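To start, the structure itself, in structure tokens.
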Amino acid sequence: ISIYQDGVFTDSVNTAEDGTYDVELGAGEYTAVVDAEDGNTLVASITVEAGETTTEDIVLEETGTIKGTVLEDNNGELSDSTVKVEQDGEILYSFMTRADGYYEAPLPPGVYTLTGNANGYEEESHEVTITEDETVTQDFELELATGTVEGEVIDEDGDPIEDAEISITQDGEAVQSVSTGDDGSYEAELSLGEYTVSVDEDEYETQSHEVLLSEEETTTQDFTLELLQTGTIEGTITDTDGDPIEDGVINIRQGLELVTVVDADTDGEYEYELAEGDYSVISFADGYLGETASVTIEENDTTTKDFELELAATIEGTVTDETGSGVENATVTIENDDQNFTPQTGSDGTYSHDVPEGDYTVTVDHDDYAADSVTVSLLQGESTTQSFELDAEDDDGGSTGGGGGAPSLGPADFEVTIRDAPDSVVAGETVSVEVAVNNVGGTTGEQMITLSMDGEQIGDESLELSRDQ
């Protein structure tokens, strides 16, 4: 005999050989559920008085069976769900489903209300009629319970901010994005839980708040945004003769984040308003070497940063196979003791890169071909063409090209492969990049490994490896 109070299991007891039972309970109203081989019956509203003995004899009846599965709105079974059994407005008992959401229970003939529920989901109820020796199937498809967050976004004068973007995240993952209306109001319906609600609006300080959404409740989160304290950066991009470079580009970064890209005008001048803080400013122009500077922007102040760019030496060419077809995604390493650049070929096998003038070793490498290297002298302001024809590698890693006699060991040649790296980086996080470096050449050599992001070098390490290491 299982004893329930308000649908919650309280105690159980087995009958003796003569069918008698007794169980000690606190004062209150209970439901007894009897399980026996030849039947099952429910006894509702057993009232136990404090300090008294209540006698309730039970006559077993033939029963029917109720069974089914609690599902997550057609998306699969719900574990840790509960089915509650009511009759005439009284909760008789409730029970947990199996891990796969399945339940089954005997019930005496009659009309019942069954309610399926699970934490974080809306309840669902059905009326079922149980008849003797019959099985009734009643499934439940529960929908996620939701709550609402709403509010308004205003400025310091109390005026509404229209079209402000509200970003809602949970555990660092984007969940939903909404915009304010012309009155500055917003509203979002979400599943229950804790969220971070943020407003990142141009010209205003970013603001974030934590909110907790409860079932069928509305949480209000308002924002009063403060204007950003800003300053201005301006300057001119010229060549070494002082002539303006009209196609110059300025990249402005804060940490690893790209803040904006500014194009210089025909006089090589640029200007941009920024929030106060520290920035990296990088100047580029076709045919010139880039230059980077650090600047500090102060409130209501103008910072001038001019750039004088040196003409670059340009190396370009085409990498083809033995048939003359372009080799795509070949790595072209242009290096000397001071510099290391690694452009890749395009779909037609071509490459082009601007570097400081000097003597360089240029090596072309591709997984399907034998590497090839040459030494070139590159002059400032001039373009040098250096093309390559690669021989396919045989199964032993050697070239299938002509020639005989003992194989030449050749110079050191390195394969660099990124094995593991994050798809994206959050400001303030530590980045780990796993790189495999293999010397596939014939002699010991040194290789500089550089880590770059959007063309900006942010780390490097030099390795010396022997042959086949």
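Nothing here was measured: the structure is a model prediction, and the numbers come from that model. Atom set for the values below is all heavy atoms of this structure, side chains included, hydrogens, waters and symmetry mates excluded.
- Shortest non-hydrogen contact noted between Ile168 and Ala188 is CD1-CB, 3.7 Å.
- The closest donor-acceptor contact from the side chain of Glu276 to the backbone of Gly231 lies at 3.5 Å or more, if one exists at all.
- The backbone N or O of Asp157 sits less than 3.5 Å from a side-chain atom of Asp155, completing a donor-acceptor pair.
- You'll find the side chain of Val362 reaches within 4.5 Å of the side chain of Val332, heavy atoms only.
- Considering Thr224, Asp222, Ile166 as possible partners of Val153, the one that fulfils the side-chain contact (heavy atoms from CB on, under 4.5 Å) test is Ile166.
- Using modelled atom types and a 3.5 Å distance limit, the side chains of Glu150 and Thr218 yield no donor-acceptor pair.
- Side-chain contact of Thr331 with Asp365: a donor-acceptor pair under 3.5 Å is absent, judged by distance alone.
- Side-chain atoms of Phe388 and Val374, non-hydrogen and from C-beta on, do get closer than 4.5 Å to each other.
- The two residues Ala285 and Gly248 come nearest to each other via the heavy atoms CB-CA, 4.1 Å.
- The line from CD of Glu271 to OG1 of Thr232 is 5.5 Å long, rounded to the nearest 0.5 Å.
- Using a distance-only test at 3.5 Å, with no hydrogens or angles considered, no donor-acceptor pair links the side chain of Asp306 to the main chain of Gly235.
- Judged by distance alone, the side chains of Ser179 and Asp163 never bring a donor and an acceptor atom under 3.5 Å apart.
- Note that CG of Leu309 and CG of Leu289 are 8.0 Å apart. Values are rounded to the nearest 0.5 Å.
- Between the side chains of Thr314 and Ser383, not a single donor N or O lies within less than 3.5 Å of an accepting N or O.
- With hydrogens and angles left out, the side-chain atoms of Thr230 and Glu273 include a donor and acceptor closer than 3.5 Å.
- To the nearest 0.5 Å, the span separating CD on Glu322 from OH on Tyr369 amounts to 8.5 Å.
- Taking the side chain as every heavy atom from C-beta outward, Val355 and Tyr360 approach each other to under 4.5 Å.
- For Glu446 and Ser462, the side-chain atoms include at least one donor-acceptor pair closer than 3.5 Å.
- For the pair Asp354 and Ala312, the tightest heavy-atom approach, listed with the atom from each and the gap, is CB-CB, 3.6 Å.
- For the 3.5 Å distance criterion, the side chains of Ser81 and Thr97 qualify, holding a donor opposite an acceptor.
- Defined by atom type and a distance below 3.5 Å, a donor-acceptor pair is present between the side-chain atoms of Tyr121 and Glu72.
- For the residue pair Thr10 and Tyr4, the shortest heavy atom distance occurs at OG1-C, 4.0 Å.
- Taking every heavy atom of both residues into account, Val327 and Asp321 meet most closely at CG2-N, 3.6 Å.
- Using a 30° and 60° split on the angle between ring planes, Phe140 and Tyr103 fall in the tilted class, from 30° to 60°.
- A donor atom on one side chain and an acceptor atom on the other are not found under 3.5 Å apart for Thr238 and Thr236.
- Using a 4.5 Å heavy-atom threshold, the side chains of Gln447 and Leu465 count as separate.
- Nearest heavy atoms, Pro356 versus Phe341: CD-CZ, 3.8 Å.
- Here the options are Thr240, Asp241, Ile245, the test is side-chain contact (heavy atoms from CB on, under 4.5 Å), and the partner is Asp243; only Asp241 passes.
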